[in-house]
Number of protein chains: 2
Amino acid sequence: MYRNEREHEIIKILSTEKYVTVKQLSTLLYTSESSIRRDLTSLENQGMVARSYGGVELVKNTSQILPFSTRAHHNIAAKKIMAKKAGSLIQDGNIVFLDQSSSAFFVAYELLKKSQITVVTNNIEIIALLSQSDAEVISSGGRLSRSNRNCLVGDDSHHIFSQIHADILFFSAKALSHDGIVYDCAREEVCVRNTMLANAGKKVLLCDSEKFGRTSGYRQCSVRDIDYLITERERQEVYTKFQELPQMIL
Amino acid sequence: MYRNEREHEIIKILSTEKYVTVKQLSTLLYTSESSIRRDLTSLENQGMVARSYGGVELVKNTSQILPFSTRAHHNIAAKKIMAKKAGSLIQDGNIVFLDQSSSAFFVAYELLKKSQITVVTNNIEIIALLSQSDAEVISSGGRLSRSNRNCLVGDDSHHIFSQIHADILFFSAKALSHDGIVYDCAREEVCVRNTMLANAGKKVLLCDSEKFGRTSGYRQCSVRDIDYLITERERQEVYTKFQELPQMIL
DNA sequence: TATATTTTTGCACGTTTTTGCGTATTACTG
DNA sequence: CAGTAATACGCAAAAACGTGCAAAAATATA
């Protein structure tokens with residue numbers, strides 16, 4: 001992690017000072033500017049600081065140690081709200097399909113509160129999370145996606161989803177158009193999700209309101225094919241946008 | 001666990017100080033720097049501390065998201081040596097099978113240095129590691145093992161290994177008896193490994209010398225079935241123990 | 001208690017890593 | 001497009017490291 005004591009000090013200094021110059025650091029830490037620069041190069045490579053000509057500042061959200069959590073989850077607040085709502089649909093003993101979305105990842109957190117759950121997913125991040133839990137966890141297999149390196153895709157990923165019938169599926173998408181078509185941008189991920197849709201009882205779409213009224217590259221399904229739509233907004237706010245929608249959850 | 005009182009003290013100091021130098025420790029504990037270094041090597045091998053030039057810090061294995069990446073591995077030094085040797089057997093463009101052992105995890109590190117590699121594994125930890133790399137990564141699928149929560153087992157885990165023929169397989173075991181039988185302790189893991197063995201070109205056993213002359217619950221295979229045996233010791237030292245062995249690597 | 005055996009310690013020495021300086025290169029500034 | 005400042009890079013010196021070895025300490029044995 002840290003190559004030496006100085007790198008610790010630099011981070012400590014940056015936690016109080018917003019921005020420091022290389023010269024200041026070399027004075028403060030009684031060492032040459034060369035050494036400071038070498039430290040900064042290392043810290044930069046680890047994504048801990050952001051350099052600019054003459055100085056450096058701290059990168060926010062330094063909880064990066066792990067390959068995944070570094071990946072910025074966008075709109076976390078919305079996803080947490082949706083996950084809470086999703087939790088109310090899950091019962092002890094359920095078999096749950098979770099897709100490769102980060103929305104589904106937050107639903108996995110809710111699963112930790114339930115008992116006797118079986119989870120089937122192609123999302124590596126979810127498998128890693130649940131490896132600590134006492135849930136039964138089943139991974140789909142397949143090739144690690146190149147575009148979105150936290151999920152398994154390709155022919156081999158379909159197999160398990162067609163072997164198991166889930167009580168409930170939680171999935172997400174890139175876009176939901178006004179005429180009720182669900183879109184995603186990655187061909188292979190749409191394919192796997194189709195197999196999930198075909199083998200699940202309740203089908204639940206997690207879709208934050210940012211995605212309303214848009215389209216994307218590939219058609220996933222229609223809102224008519226699903227049972228529940230979950231957003232981070234209030235039921236009322238959403239009804240005005242889509243007239244003929246299925247039962248929605250708050 | 002701890003080899004002496006000092007190692008306990010070092011951990012105690014590290015629980016309050018984030019980072020300490022070797023010099024500080026030798027003063028604090030009234031002993032030579034050599035002895036401190038020996039303690040640190042031991043603690044590092046147990047995965048308890050992370051060293052860097054000049055000092056050490058505590059390993060934080062409290063990471064919630066990815067439980068294993070920082071998890072303590074036993075006998076890390078031996079595994080690193082074996083991984084280095086393993087690396088010399090891997091060529092660019094190879095298809096590599098890696099089993100669920102932590103020895104194989106260290107081999108995965110060596111793969112980061114190669115190009116055009118395809119990795120097939122049932123080890124979640126390896127998939128997580130390589131998700132950052134540009135290697136082609138294929139996961140076996142299956143049920144997350146209850147005994148060893150970082151790997152996939154069961155019927156579904158076999159499929160991929162029988163579909164793909166690997167250039168080389170790296171695997172480990174719990175024991176290697178004097179008459180050349182390789183043993184492991186988990187039934188399900190032995191089964192998957194059998195499928196790997198059946199579908200690999202070169203078969204390479206990673207086995208640190210601690211495991212020599214022992215047995216365990218389930219028979220995996222004979223040394224006659226494998227092509228290379230890698231240990232952390234010198235070739236000479238091992239030859240004296242096993243007379244009729246396959247070509248060994250240093 | 002005395003003696004043998006094993007383990008630990010500290011020092012010396014060869015190796016590896018880091019450091020800081022000089023210099024070439026690259027990036028901002030007017 | 002100069003002129004200056006910051007940075008990157010090569011190299012020799014310094015610091016830190018690992019290891020073998022003999023002395024010391026701890027442990028086992030008689």
Side-chain angles (χ1 to χ4, degrees), chain A residues 1-11 13-14 17-59, chain B residues 1-14 17-59 75-85 87 106 109-110 113 208-210 231-237 250:
Chain A
M1 197 60 171
Y2 295 103
R3 294 166 51 237
N4 55 46
E5 173 148 39
R6 267 199 323 268
E7 298 192 0
H8 267 282
E9 290 298 321
I10 291 172
I11 297 296
I13 289 168
L14 279 170
E17 297 291 319
K18 199 177 168 196
Y19 185 92
V20 271
T21 66
V22 173
K23 197 165 283 181
Q24 287 175 320
L25 285 174
S26 77
T27 313
L28 242 46
L29 300 172
Y30 305 99
T31 185
S32 71
E33 296 189 13
S34 294
S35 294
I36 295 293
R37 289 205 180 88
R38 271 184 277 247
D39 294 339
L40 295 183
T41 306
S42 163
L43 290 170
E44 185 180 35
N45 288 339
Q46 294 174 58
M48 307 195 59
V49 302
R51 297 178 71 179
S52 58
Y53 234 69
V56 39
E57 65 183 315
L58 203 62
V59 167
Chain B
M1 205 60 169
Y2 296 106
R3 297 186 322 151
N4 55 42
E5 173 72 24
R6 263 200 326 267
E7 297 193 1
H8 200 83
E9 286 298 319
I10 291 173
I11 297 296
K12 213 191 290 181
I13 290 169
L14 279 170
E17 295 291 319
K18 205 172 172 193
Y19 187 95
V20 271
T21 65
V22 172
K23 199 166 281 179
Q24 287 175 322
L25 286 174
S26 77
T27 312
L28 242 46
L29 301 172
Y30 305 100
T31 185
S32 71
E33 296 189 13
S34 294
S35 295
I36 295 292
R37 289 201 183 92
R38 271 184 277 250
D39 294 339
L40 295 183
T41 306
S42 161
L43 290 170
E44 184 180 36
N45 287 341
Q46 295 173 57
M48 306 193 59
V49 302
R51 299 179 71 179
S52 59
Y53 236 71
V56 281
E57 64 182 314
L58 207 60
V59 166
N75 213 351
I76 289 177
K79 282 166 184 164
K80 282 184 178 169
I81 294 171
M82 294 195 289
K84 276 259 184 292
K85 295 180 182 180
F106 285 90
Y109 267 106
E110 296 298 315
K113 302 171 187 168
D208 64 69
S209 57
E210 259 184 11
T231 83
E232 87 284 14
R233 312 281 283 275
E234 295 290 325
R235 192 192 183 103
Q236 304 270 343
E237 303 177 81
L250 297 190

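No hydrogens, no waters, no symmetry mates; every other heavy atom, side chains included, goes into these values. Each chain gets a letter, A, B and so on, in the order its sequence line appears, and its residues count up from 1.
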With a 4.5 Å cut-off on side-chain heavy atoms, are [Y] and [X] touching?
| X | Y | answer |
| --- | --- | --- |
| Val56(A) | Leu25(A) | yes |
| Arg3(B) | Arg38(B) | yes |
| Arg37(B) | Arg51(B) | yes |

Grab the [atom1]-[atom2] distance between [X] and [N] for me, whole Å please.
| X | N | atom1 | atom2 | value |
| --- | --- | --- | --- | --- |
| Lys23(A) | dT7(D) | NZ | P | 10 Å |
| Ile36(A) | dA5(D) | CD1 | C1' | 18 Å |
| Leu29(A) | dG20(C) | CG | P | 11 Å |
| Arg37(B) | dT8(C) | CZ | P | 19 Å |
| Glu7(B) | dT8(C) | CD | C1' | 12 Å |
| Asn4(B) | dA24(D) | CG | P | 21 Å |
| Glu5(A) | dT17(C) | CD | C1' | 17 Å |
| Asp39(B) | dC17(D) | CG | C1' | 15 Å |

Side chain of Arg51(A), heavy atoms from C-beta onward: which of dC17(D), dT7(D), dG20(C) has the nearest atom to it? dT7(D)
Kindly indicate whether the side chain of Tyr53(A) and the base of dT29(C) share any N or O donor-acceptor pair separated by less than 3.5 Å? no
Establish, with yes or no, whether the OP1 or OP2 oxygen of [N] is under 4.0 angstrom from a side-chain nitrogen or oxygen of [X].
| X | N | result |
| --- | --- | --- |
| Thr31(A) | dT19(C) | no |
| Arg6(B) | dT9(C) | yes |
| Ser34(A) | dC21(C) | no |
| Arg38(A) | dG20(C) | no |

Between His8(B) and Tyr2(B), how do the two ring planes meet: parallel, tilted or perpendicular, split at 30° and 60°? perpendicular
Using a 4.0 Å heavy-atom cut-off, does Ser42(A) contact any base of the nucleic acid, only the sugar-phosphate backbone, or nothing at all? nothing
So Arg3(A), base contact, sugar-phosphate only, or nothing? Heavy-atom distance under 4.0 Å. nothing
Could Glu9(A) and Arg6(A) be called an ion pair, given the rule that one side-chain N must be under 4.0 Å from one carboxylate O? no
